[in-house]
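Just so you know, these numbers come straight off a predicted model, no measurement behind them.
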Amino acid sequence: MTEVQTIQSLSAAGQVEGQVLAGGTLLMRQVNYAPQEVPKILRITDPAFRQIGRVGGQVSLGAGVSMSQVIAAPELAALAPAARAIGGPAIRNMATVGGNLFAPHPYGDFTTALLAIGAQVQWADGRTEDIEVFLANRANARGVVAAVLIDPPRGEALRFAKVARTKPKGVSVLSIAVLINGSGRQVLSARITFGAMGATPLRAKAAEAALAGATLDVGGVAAACAACTNDLNPADDALASAWYRREVAPIHLRRLLLGET
């Protein structure tokens, strides 16, 4: 195991062939069951890695910030429902923002919410990358993520729902996050994202376009719900078939938009 003591040395650590140990909820399982796939573990002891702070007008979440820290932070109240959807209390004490960014299907529900609010991913080498770009290139990503920068949404602008067969701790059949910019029941614009409906969380851009200018009522959200699976690529797995996910996604999106969840 290699220890990294400062954020400034994270970039150099990224050149090491290995994986970062944050909460360990996924990595240690990989170590225990497939040790040949993890040549070296990087442990980051820099306190900044686990702090919530301010950078300009944005909130910075260190990649080692846990789901429990997110829930406890008043300025992150809009993200608390997504953080609570991650396992039980013991898991939330360990699971981190950075780990969730790299969590494969069917995990990564918190990242679905980060994608909806347009988070920025800050790398240890100083790069800052839009989360949508990060997710598109995640499979080939190299380096260490130091933090995530966000503009926390206010009030009920962010809505989140997790669909699971086993509650409250089961992994998701799918998850949905919607960021609404509107006035009353009128939607001016929206970002709609789905988790567990592709290799990474994905935006439903056809649904976003259909919801812009609509009202949040049964008739107003119908077109967005009908189009919501156009940009998704769900897989067949032990939890559900791709067909099932496509069938239920519009139903759960409609319930979320109408406040029925």
Side-chain angles (χ1 to χ4, degrees), residues 77-86 100 103 105-119 131-132 135 152-261:
L79 285 169
R84 288 193 188 95
I86 308 300
N100 204 268
H105 166 82
Y107 308 108
D109 297 313
F110 188 74
T111 301
T112 303
L114 291 178
L115 178 60
I117 64 175
I131 190 172
E132 190 172 4
L135 290 171
R154 296 180 177 178
E156 297 182 350
L158 180 64
R159 303 182 183 190
F160 177 85
K162 175 179 176 178
V163 180
R165 295 190 182 278
T166 304
K167 297 183 178 181
K169 299 179 182 179
V171 293
S172 61
V173 172
L174 61 92
S175 57
I176 314 172
V178 182
L179 181 69
I180 295 175
N181 172 30
S183 176
R185 299 185 67 81
Q186 184 78 31
V187 178
L188 302 178
S189 63
R191 282 174 66 105
I192 302 173
T193 59
F194 281 85
M197 294 291 280
T200 69
L202 297 169
R203 287 178 68 183
K205 295 184 179 180
E208 292 175 0
L211 192 60
T215 54
L216 292 176
D217 54 41
V218 174
V221 305
C225 294
C228 76
T229 60
N230 290 1
D231 305 302
L232 307 181
N233 186 27
D236 294 315
D237 58 29
L239 296 168
S241 66
W243 173 86
Y244 177 81
R245 287 186 164 97
R246 287 188 179 278
E247 288 294 309
V248 301
I251 297 170
H252 290 287
L253 176 59
R254 186 195 66 204
R255 291 175 179 172
L256 187 61
L257 291 172
L258 298 180
E260 295 176 350
T261 58

Original post:
When you look at Phe194 and Asp231, which way does the side chain to side chain contact (heavy atoms under 4.5 Å, CB included) test go after all the steps?
Top reply: CA-CA 10 Å; Phe194 281 85; Asp231 305 302; over 6 Å; no
**OP:** Take Val221 and Thr215 through the side chain to side chain contact (heavy atoms under 4.5 Å, CB included) test and state the conclusion after the steps.
**Re:** CA-CA 7 Å; Val221 305; Thr215 54; over 6 Å; no
Original post:
Could you walk me through whether Val171 and Tyr107 pass the side chain to side chain contact (heavy atoms under 4.5 Å, CB included) check?
Top reply: CA-CA 7 Å; Val171 293; Tyr107 308 108; 3.1 Å; yes
Original post:
Is there a donor-acceptor contact under 3.5 Å from the side chain of Arg246 to the main chain of Leu232?
Top reply: yes
Original post:
Looking at residues at least two apart in the chain, or sitting in another chain, which of them share a side-chain contact (heavy atoms from CB on, under 4.5 Å) with Pro153?
Top reply: Ala78, Ile117, Ala157, Leu158, Leu179
Subject >> Non-neighbouring partners of Asn230 that pass side-chain contact (heavy atoms from CB on, under 4.5 Å), sequence neighbours left out >> reply: Ala206, Ala227
Within the 4.5 Å heavy-atom criterion, are [X] and [Y] side-chain neighbours or not?
{"X": "Val218", "Y": "Leu258", "answer": "yes"}
{"X": "Thr200", "Y": "Leu115", "answer": "no"}
{"X": "Pro250", "Y": "Thr229", "answer": "yes"}

Subject >> With sequence neighbours excluded, residues passing salt bridge (Lys or Arg N to Asp or Glu O under 4.0 Å) with Glu208 >> reply: Arg203
Original post:
Out of curiosity, Arg191 CZ to Lys205 NZ, how far, rounded to the nearest 0.5 Å?
Top reply: 8.0 Å
**OP:** Output yes when Asp236 and Arg245 qualify as a salt bridge under the 4.0 Å nitrogen-oxygen rule, no when they do not.
**Re:** no
**OP:** Apply the test side chain to side chain contact (heavy atoms under 4.5 Å, CB included) to residues Leu135 and Leu202: give CA-CA distance (whole Å), side-chain angles for both, the deciding distance (0.1 Å), then the verdict.
**Re:** CA-CA 8 Å; Leu135 290 171; Leu202 297 169; over 6 Å; no
Original post:
Do you know which two heavy atoms are closest between Ala212 and Leu188, and how far apart they sit?
Top reply: CB-O, 3.8 Å
Original post:
So, Thr193 and Thr112: side-chain donor and acceptor under 3.5 Å apart, yes or no?
Top reply: no
